[in-house]
Amino acid sequence: MGEHGRPHTTGRLARRLAVSDATASAHAAALRGAGLITTIRAGRSVLHRRTELGSLLVRRHG
């Protein structure tokens with residue numbers, strides 16, 4: 001979910017997309033449910049990263 005497959009926090013995604021943290025979190029949940037991203041907790045942060053399937057879709061349609 002970020003440039004070159006690097007993980008990003010929910011807050012960073014929200015700022016980058018100009019949406020609220022809650023909206024970014026809801027979208028991340030949908031993407032995670034579809035198997036397009038993985039989410040891990042790193043201390044107090046939550047990091048989202050594209051899965052192989054997510055990266056494949058970005059390459060084919062991005």
Side-chain angles (χ1 to χ4, degrees):
M1 260 191 88
E3 301 93 7
H4 312 293
R6 293 179 311 184
H8 291 296
T9 65
T10 303
R12 175 157 187 212
L13 291 171
R15 286 189 301 279
R16 188 159 178 232
L17 300 170
V19 299
S20 70
D21 285 2
T23 297
S25 182
H27 283 271
L31 293 169
R32 189 172 43 257
L36 301 176
I37 66 168
T38 60
T39 301
I40 60 167
R41 183 162 293 280
R44 293 173 49 187
S45 297
V46 175
L47 299 174
H48 309 284
R49 179 183 291 227
R50 283 192 311 248
T51 61
E52 192 172 323
L53 176 60
S55 292
L56 175 66
L57 290 173
V58 169
R59 283 193 302 272
R60 293 189 89 191
H61 299 287

Original post:
Minimum heavy-atom separation for Thr51 to Gly35, with atom names?
Top reply: OG1-O, 2.7 Å
**OP:** Could you tell me which non-hydrogen atom of Arg12 sits nearest to which non-hydrogen atom of His8, and how far apart they are?
**Re:** NH1-CE1, 2.8 Å
Subject >> Separation of Leu47 CG from Arg41 CZ (nearest 0.5 Å) >> reply: 9.5 Å
**OP:** Could you grab the distance from atom OG1 of Thr9 to atom CZ of Arg44, nearest 0.5 Å is fine?
**Re:** 13.0 Å
Extract all donor-acceptor atom pairs below 3.5 Å that involve side chains of residues 24-34 and protein atoms in other chains or at least two apart in sequence.
from: Arg32; atom 1: NH1; to: Thr39; atom 2: OG1; distance (Å): 2.6

**OP:** List for me each residue that meets side chain to side chain donor-acceptor pair (under 3.5 Å) alongside Ser55, sequence neighbours excluded, and say none if there are none.
**Re:** Arg50
Original post:
Side-chain contact, heavy-atom cut-off 4.5 Å: Ile37 with Arg49?
Top reply: no
Original post:
Do Arg60 side-chain atoms and Leu56 backbone N/O form a donor-acceptor pair below 3.5 Å?
Top reply: no
**OP:** Using distance alone, with no hydrogens and no angle criterion, decide if Thr10 and His48 have a side-chain donor and acceptor under 3.5 Å apart.
**Re:** yes
Original post:
Mind checking who shares a hydrophobic cluster with Val46, ILVMFWY linked at side-chain heavy-atom distances under 4.5 Å?
Top reply: none
